[in-house]
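Presented below is the structure to which this report refers.
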Protein chains: 4
Amino acid sequence: MRIASGNADLTVAASRAPQRARGRRRVADLMAAAAGLFVEKGFEATTMTEIAAQAGASIGSLYLFFPTKPLLAQALMAELADTLSTRLEALQALTSGQSAGAIADAVFDALAAFLADHPAYAALIDAPGDDSWKQAIRIRRRLQIGALFARAVPPLAPGQAEVLALVVPQLMRITLQTSEPQPLREAVLGELRKMLRHHLDWPLK
Amino acid sequence: MRIASGNADLTVAASRAPQRARGRRRVADLMAAAAGLFVEKGFEATTMTEIAAQAGASIGSLYLFFPTKPLLAQALMAELADTLSTRLEALQALTSGQSAGAIADAVFDALAAFLADHPAYAALIDAPGDDSWKQAIRIRRRLQIGALFARAVPPLAPGQAEVLALVVPQLMRITLQTSEPQPLREAVLGELRKMLRHHLDWPLK
Amino acid sequence: MRIASGNADLTVAASRAPQRARGRRRVADLMAAAAGLFVEKGFEATTMTEIAAQAGASIGSLYLFFPTKPLLAQALMAELADTLSTRLEALQALTSGQSAGAIADAVFDALAAFLADHPAYAALIDAPGDDSWKQAIRIRRRLQIGALFARAVPPLAPGQAEVLALVVPQLMRITLQTSEPQPLREAVLGELRKMLRHHLDWPLK
Amino acid sequence: MRIASGNADLTVAASRAPQRARGRRRVADLMAAAAGLFVEKGFEATTMTEIAAQAGASIGSLYLFFPTKPLLAQALMAELADTLSTRLEALQALTSGQSAGAIADAVFDALAAFLADHPAYAALIDAPGDDSWKQAIRIRRRLQIGALFARAVPPLAPGQAEVLALVVPQLMRITLQTSEPQPLREAVLGELRKMLRHHLDWPLK
DNA sequence: CATGAATGAGTTTTCATTCAT
DNA sequence: GATGAATGAAAACTCATTCAT
């Protein structure tokens with residue numbers, strides 16, 4: 001069931017792996033700086049120079065580890081996708097055999113918490129441009145969530161698990177609409193959560 | 001260019017007529033080209049030169065009609081927002097006094113049809129950068145949809161119309177995930193529609 | 001016999017063709033500047049900024065017509081190769097039916113004159129890097145010179161025309177050794193010319 | 001090749017012996033890597049990092065032995081020039097008193113063999129940039145070859161030995177045209193050899 | 001000696017915008 | 001109006017060289 005595997009390669013491919021402790025710290029700092037700026041101004045509007053400066057590094061250092069701007073985004077996303085994958089993996093044991101509604105709540109909360117921690121994930125996965133690595137990340141996520149719903153008791157209608165695996169993460173994107181005031185955003189989030197629950201608990205099938 | 005002399009202007013007007021028609025066609029072509037490229041590569045990654053080329057015009061022509069790139073986007077969005085506004089307006093009479101569920105279906109379908117026709121709307125409203133005109137468009141949309149739900153019979157709980165006005169358009173963003181195959185996208189759309197309906201028809205406890 | 005054809009494409013491919021008189025002059029100036037600098041400091045050591053400055057143009061103008069540095073070199077070479085090709089073409093009528101020695105002298109002189117006029121040709125064709133367009137230029141030249149020798153009377157031994165087509169241009173490269181003082185270079189050139197003549201006029205076959 | 005200086009540290013010498021052997025191997029590897037890359041892509045286009053990587057060393061190691069890139073090229077050329085010089089020296093005894101034609105053949109073959117073994121020699125001596133050390137190498141070579149021809153019996157016309165000393169090495173550059181297929185290159189080499197011979201054996205009129 | 005991270009000046013390249021014709 | 005040449009500030013990216021470990 002190791003769906004999460006095979007992506008360490010993605011990270012390695014996108015960035016030159018540092019071999020010393022200092023290098024590893026640098027890479028972490030650079031990624032954090034990039035994540036922050038991508039969220040704040042978007043991928044295109046963020047410059048490599050800014051990222052390096054934000055991380056307290058020289059532009060040369062940045063390019064030492066990340067040979068191009070797209071590869072930096074890819075490396076960052078690979079790491080974030082791994083984190084999310086791990087969190088979803090952890091739900092497997094907890095939700096197996098539960099009702100679809102309960103599973104939905106669990107997934108919903110896990111995603112909400114993850115996106116609150118890592119807003120760069122949403123900023124990058126929604127960015128224009130259909131790179132294959134982005135598609136790969138989406139597919140992995142879909143398979144994982146689909147697997148969670150597939151174990152619902154009572155079982156869902158055939159095919160519905162797959163559709164839910166597509167719908168639920170998309171519902172999450174809504175929390176990102178940063179332009180709305182915070183209380184309104186939470187009201188929306190709550191509404192969506194309830195909506196999903198109602199849908200799955202609908203009395204007569 | 002005479003200033004105040006009767007029908008000299010008329011003569012000029014007649015000879016100008018085809019030119020104005022040509023100008024309008026030009027503007028339409030440029031906007032269409034911009035819309036297509038914004039959807040394909042995003043606002044930032046699209047260049048003014050590309051837009052002109054795609055429209056079969058020169059870069060000079062493009063700047064003749066749209067003095068800056070943001071203003072081009074804004075003009076495009078203004079037109080699209082008007083179209084959407086008109087369509088929503090048309091729902092007022094049709095849905096007044098209906099159930100919230102029925103209204104939701106109507107709004108849902110109107111939005112889905114509109115976004116299918118004009119994917120640039122979503123591409124631009126979601127682009128990073130918080131211009132005030134973008135906010136204004138969102139607010140207008142929210143007020144319009146809120147007004148629709150406000151007339152539901154039986155009436156919704158206080159405040160829920162506003163939340164729905166926020167949630168429903170966001171649900172629509174999901175249909176944009178162009179990377180998914182068409183049948184899957186429609187399954188998702190149907191699921192969301194049903195979800196919304198279930199939510200609104202939920203038996204009050 | 002239109003060996004010289006098919007290369008206008010190369011030029012067009014490498015540079016955006018200017019459409020106005022001013023543009024055409026600009027392109028010529030830029031190419032001349034590039035040619036001069038390539039000869040003086042070599043392809044790699046010449047910067048695009050220098051070329052633009054030398055031509056009295058902005059860096060943007062340079063890139064308007066030549067999208068990359070290698071393509072600038074390619075466009076320049078395509079033009080020079082066309083010039084050379086034309087000159088060799090002109091020898092066809094003059095040398096047909098003459099002795100191999102006489103043909104050799106004619107080719108030798110034509111090449112020497114061409115290289116004196118266009119030292120950039122040698123600088124670029126000898127530069128490292130085996131681009132296919134460079135190979136194409138060499139092949140075209142070889143075929144043209146081979147065709148000249150093929151019409152020698154009395155005829156050369158089979159295959160020798162091809163070998164000479166390879167040897168003679170290479171002999172010319174020697175004149176480029178710019179580090180030697182001018183009189184010495186001319187002595188060398190004369191010696192090579194005589195050497196070639198002796199070789200072809202060698203009494204007993 | 002004074003890498004480690006003096007002998008003040010004879011005591012340490014013993015314990016250092018294996019290390020020095022390793023050092024010498026390192027230096028040789030680095031030079032070989034540099035030579036290969038210079039031939040393949042030219043001096044300018046080859047980076048120090050590439051050279052180190054190709055030699056399986058770190059960039060730090062490379063700079064430990066060669067303080068700058070030009071000095072690396074110079075050291076490499078010094079070694080190659082010594083090798084060539086030794087080979088030419090060996091011809092002195094063999095060719096003394098022979099005919100100019102025989103001497104030409106001997107020099108020709110020696111140069112051809114040397115360049116086949118060490119293509120980097122030609123790549124570097126032809127590279128743009130007129131460093132004095134390059135000029136020095138050329139002068140040494142010219143003097144050596146001139147000395148060989150000066151001992152021809154019967155003697156050459158005055159000044160011709162010097163011209164030949166310039167011409168013959170240049171003839172050799174032709175063998176470098178690596179883009180041609182091997183058999184053709186050998187045909188060219190043979191033709192040149194014969195040409196030189198004919199020239200020198202030309203019956204005096 | 002060895003290593004690999006770090007640097008930053010210098011280069012190539014892009015693109016919104018202006019301007020002469 | 002229309003066109004396409006022109007601009008230059010700003011961005012991406014390179015690489016010889018230095019330095020801490």
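A, B, ... follow the sequence lines: proteins, then strands. Residue 1 opens every chain.
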Notebook entry, point to check: Within the structure shown, what part of the strands sits under 4.0 Å from Phe66(C) by heavy-atom distance: base, sugar-phosphate, or nothing?
Noted result: nothing

Notebook entry, point to check: If the sugar-phosphate is the primed atoms plus P, OP1 and OP2 and the base is the rest, what is the B/S/- string for nucleotides 16-21 of chain E, using protein heavy atoms under 4.0 Å?
Noted result: SBB-S-

Notebook entry, point to check: Could you spell out the base pairing of DNA chain E in dot-bracket, with Watson-Crick or G-U pairs whose two distances are under 3.5 Å, [ ] crossing and | to another strand?
Noted result: .||||||||||||||||||||

Item checked: Interatomic distance, Arg25(B) CZ vs dG1(F) C1' [rounded to whole Å] -> 18 Å

Note to self: With a 4.0 Å cutoff (strictly under), does any side-chain N or O of Arg26(C) reach OP1 or OP2 of dT7(F)?
What the structure shows: yes

Next item on the list: Rounded off to whole Å, could you give me the CG-to-P distance for the Leu64(C) and dT12(E) pair?
Entry: 18 Å

Notebook entry, point to check: What distance do Leu80(A) atom CG and Ile137(A) atom CD1 have between them, rounded to the nearest 0.5 Å?
Noted result: 8.0 Å

Next item on the list: Looking only at side-chain atoms of Ser61(C), point me to the closest of dA6(F), dT3(F), dA5(F).
Entry: dA6(F)

Checklist line | Closest approach of Phe43(A) to Lys69(A) (non-hydrogen atoms, all atoms of both residues) | finding: O-NZ, 2.8 Å

Note to self: Between Glu40(D) and Leu37(D), is there a side-chain heavy-atom distance shorter than 4.5 Å?
What the structure shows: yes

Checklist line | For the student: nearest non-hydrogen atoms of Glu50(D) and Ala45(D), plus distance | finding: OE1-O, 3.8 Å

Next item on the list: Name the residue closer to the 5' end of DNA chain F, choosing between Leu62(B) and Ala45(D) according to the nucleotide with the nearest heavy atom.
Entry: Leu62(B)

Note to self: Rounded to whole Å, how long is the line connecting atom CG of Asp29(C) with atom C1' of dA6(F)?
What the structure shows: 14 Å

Notebook entry, point to check: How long is the line joining CZ of Arg16(A) and P of dG4(E), in whole Å?
Noted result: 9 Å

Notebook entry, point to check: Over how many whole Å does the gap from Leu30(D) atom CG to dT3(E) atom P extend?
Noted result: 10 Å

Item checked: Smallest separation among heavy atoms of Leu30(B) and Ala52(B), with atom names -> CD2-CA, 4.3 Å

Margin query: Nearest whole Å is fine: how far is dT12(E) C1' from Glu50(C) CD?
Written below: 13 Å

Note to self: Which heavy atom of Gly42(A) sits nearest to which heavy atom of Thr46(A), and what is that distance?
What the structure shows: O-OG1, 2.7 Å

Checklist line | Atom-to-atom span, CG of Leu37(C) to P of dT11(E) - whole angstrom | finding: 13 Å

Checklist line | Rounded distance [0.5 Å steps], CG in Asp29(B) versus CZ in Phe65(B) | finding: 10.5 Å

Margin query: Distance check needed: dC15(F) C1' versus Ile51(D) CD1, whole Å only.
Written below: 12 Å

Next item on the list: Please report the shortest heavy-atom distance between Met48(C) and Tyr63(C), naming the atom on each side.
Entry: CG-OH, 3.3 Å

Margin query: For Arg26(A) versus Ser61(A), what's the shortest heavy-atom pair and its separation?
Written below: NH1-OG, 3.5 Å

Next item on the list: From the options dA6(E), dA5(F), dT7(E), select the nucleotide whose nearest atom is closest to the side chain of Ala57(A).
Entry: dT7(E)

Next item on the list: Using only side-chain N and O atoms of Arg24(C), determine if any of them is under 4.0 Å from OP1 or OP2 of dA5(F).
Entry: no

